[in-house]
Chemist: 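Right, I'll just put the structure down here and ask away after.
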Amino acid sequence: MKRWLSLFAAVPCCCLAQVDPWNFPGQFPQFRDMSGLPGGGFGLTIKGDPSIRGAMSLSTPIGFSLGSGRWNLGISSRSVNSRPAFFSTSPRGSTGSDGTLQLMHGVNTPVGTLTGSFMVLSSARDSVFNLQLQLPSRSDKVGYSVGVQNAFNRPHAASDLVPGEDNLSRSLFVVGTYEFLPGSFGSVGFGTVRFKGLFGNACYLLQPRLKFTAEYDTFGFNVGVAHTLGRLGSTGGRLDNGDFTIWAGMVQMKRATVTLNFTF
C-alpha cells in the first residue's frame with residue numbers, strides 16, 4: 001500500500017510538457033492519451049462501479065459515468081516512439097515521454113449521473129475541466145452519455161508549446177456503449193473539435209483480470225491490454241473496494257503508453 005501511495009504522491013512531478021515530434025496545430029496532442037473521462041484507462045460498469053469487467057477505453061469516451069460518490073485518480077506516460085520511456089520531467093525541449101494526471105468524481109443529479117474531472121496536461125500547469133452525464137436507461141446492457149472536454153475552453157490546452165496552436169479546444173460529444181458479451185463492450189460516439197466526428201472503442205475480456213482494448217479516436221487507432229491488480233482488502237475502509245488497473249499499449253499504433261488508475 002505504501003508503494004502505491006508513494007507513486008501517486010510523486011504524480012505532480014511527473015506531469016510532463018507535451019513536447020513530441022507529432023505536435024503541430026490541429027492535432028490536440030495533450031488529449032491523445034488518457035481522456036480525463038470515465039473509463040479512460042480503467043473499467044467501469046453501467047452502474048458506475050470500477051471493474052475490469054466493465055467498459056473501458058483510453059482517449060475516447062464511453063457511455064458510462066462514475067457512480068455517485070466514486071473517485072478516480074490516474075496517471076499516464078506516453079513515449080515519443082515504440083520504446084517505453086517514463087516520466088521525463090524536463091519542462092521544455094526534447095523529452096522521451098510525456099504524461100497526464102486525471103482526477104474525477106461522480107455524483108447523482110435529477111437528470112442522470114454526472115462525472116466531473118480535472119486534468120493536468122503538462123509541467124506548465126496546463127489543466128482543464130471535463131463533464132460527462134450518463135442519461136437514465138432501462139437497459140442493463142446499454143448506456144448513453146453526453147459531455148464536454150475542456151468545459152471552460154481554456155486557450156492553448158491542445159498543446160502549450162506548439163507554435164500556432166492557439167485554437168480553443170472545448171469539445172462536445174455524445175456516446176453510447178453496449179455490452180455484446182459478458183465483460184466485453186463496444187462504444188460509438190460523435191464529437192466536435194478534438195474528436196472531429198465519429199469515434200469508437202471496444203474492449204474484450206480475455207481472462208478474469210485481463211482485457212484487450214482498441215479504439216479509433218478520429219486520428220488513428222490505439223490498442224492495448226489492461227490488467228487489474230485487484231482489491232486492496234486490508235485497510236478496513238471503503239478503499240478496500242477500490243481497484244488498481246494498469247493499461248499498456250500503443251497510441252497511434254507506434255507510441256508506447258502506460259497508465260495506472262486507482263478507482264474507488
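Position 1 is the first residue of the sequence; numbering continues from there.
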Chemist: Between Arg255 and Met250 (side chain of the first, backbone of the second, donor and acceptor by atom type, cut-off under 3.5 Å), is there such a pair?
Modeler: no
Chemist: Any donor and acceptor pair, going by atom type alone, linking the side chain of Lys141 with main-chain N or O of Ile46 inside 3.5 Å?
Modeler: no
Chemist: Would you mind telling me which of Thr259, Thr100, Asn222 makes a side-chain hydrogen bond (donor to acceptor under 3.5 Å, both in side chains) with Asp33?
Modeler: Thr100
Chemist: Judged by modelled atom types alone, do Gln102 and Ser117 share a side-chain donor-acceptor pair under 3.5 Å?
Modeler: no
Chemist: Closer than 3.5 angstrom, by distance alone: can the side chain of Ser145 be matched with the main-chain N or O of Gly63 as a donor-acceptor pair?
Modeler: yes
Chemist: Side chains of Phe64 and Pro38: closer than 4.5 Å at any heavy-atom pair?
Modeler: no
Chemist: Measure from the side-chain N and O atoms of Arg32 to the backbone N and O of Gln27, and report whether any donor-acceptor pair falls under 3.5 Å.
Modeler: yes
Chemist: Hey, are Asp217 and Arg194 close enough for a salt bridge, meaning a charged N less than 4.0 Å from a carboxylate O?
Modeler: yes
Chemist: Determine the sole option in Leu198, Val175, Val174 for which the side chain to side chain contact (heavy atoms under 4.5 Å, CB included) test with Val188 is passed.
Modeler: Leu198
Chemist: Between Gly48 and Arg70, which heavy-atom pair has the shortest distance, and what is it?
Modeler: O-CG, 3.7 Å
Chemist: Could you tell me the separation between the CG atom of Leu44 and the OG1 atom of Thr177, rounded to the nearest 0.5 Å?
Modeler: 9.5 Å
Chemist: In the single-linkage hydrophobic clustering (I, L, V, M, F, W, Y; side-chain heavy atoms under 4.5 Å), do Met119 and Leu114 co-cluster?
Modeler: no
Chemist: Looking only at heavy atoms, which two atoms of Leu172 and Phe195 are closest? And how far apart?
Modeler: O-CD1, 4.3 Å
Chemist: Is it the case that one hydrophobic cluster holds both Val225 and Tyr204, taking links as side-chain heavy atoms less than 4.5 Å apart, direct or via other members?
Modeler: yes
Chemist: Would you name the heavy atoms of Val251 and Thr257 that are closest together and state the gap between them?
Modeler: CG2-OG1, 3.2 Å
Chemist: Say whether Phe190 and Phe199 are linked into one hydrophobic cluster, either directly or through other cluster members, by side-chain heavy-atom distances under 4.5 angstrom.
Modeler: no
Chemist: To the nearest 0.5 Å, tell me how far Phe173 CZ sits from Thr60 OG1.
Modeler: 10.0 Å
Chemist: Any side-chain heavy atom of Leu37 sitting closer than 4.5 Å to one from Thr115?
Modeler: no
Chemist: Pick from Leu73, Asn130, Leu66: which one makes a side chain to side chain contact (heavy atoms under 4.5 Å, CB included) with Met104?
Modeler: Leu66
Chemist: When rounded to the nearest 0.5 angstrom, what distance separates CH2 in Trp71 from CZ in Phe264?
Modeler: 7.0 Å
Chemist: Can you tell me how far apart CD1 (Ile246) and CZ (Arg209) are? Round to the nearest 0.5 Å.
Modeler: 11.5 Å
Chemist: Can Tyr144 be reached from Val148 by stepping across I, L, V, M, F, W or Y side chains whose heavy atoms are under 4.5 Å apart?
Modeler: no
Chemist: Output, in order, the C-alpha distance, side-chain angles, deciding distance and verdict of side chain to side chain contact (heavy atoms under 4.5 Å, CB included) for Thr45 and Arg53.
Modeler: CA-CA 7 Å; Thr45 70; Arg53 298 186 62 85; 5.9 Å; no
Chemist: So how far is it from Asn201 CG to Ser59 OG, rounded to the nearest 0.5 Å?
Modeler: 8.5 Å
Chemist: Nearest 0.5 Å, what's the CD-OG1 distance between Gln134 and Thr109?
Modeler: 10.5 Å
Chemist: Which heavy atom of Ser35 sits nearest to which heavy atom of Gly40, and what is that distance?
Modeler: OG-CA, 3.9 Å
Chemist: Which atom pair, heavy atoms only, marks the closest approach of Arg170 to Phe152?
Modeler: NH2-C, 3.9 Å
Chemist: Give a yes or no on whether the backbone of Val128 and the side-chain of Asn150 come within a donor-acceptor separation of less than 3.5 Å.
Modeler: no
Chemist: Which pair of non-hydrogen atoms, one from Thr213 and one from Trp247, has the smallest distance, and what is that distance?
Modeler: OG1-NE1, 2.8 Å
Chemist: When clusters are formed by joining ILVMFWY residues with side-chain heavy atoms under 4.5 Å apart, either directly or through shared neighbours, do Val223 and Met56 land in the same one?
Modeler: no
Chemist: Give a yes or no on whether the backbone of Ile62 and the side-chain of Gln132 come within a donor-acceptor separation of less than 3.5 Å.
Modeler: yes
Chemist: For the residue pair Phe129 and Phe118, does the interplanar ring angle fall in the parallel (under 30°), tilted (30 to 60°) or perpendicular (over 60°) class?
Modeler: tilted
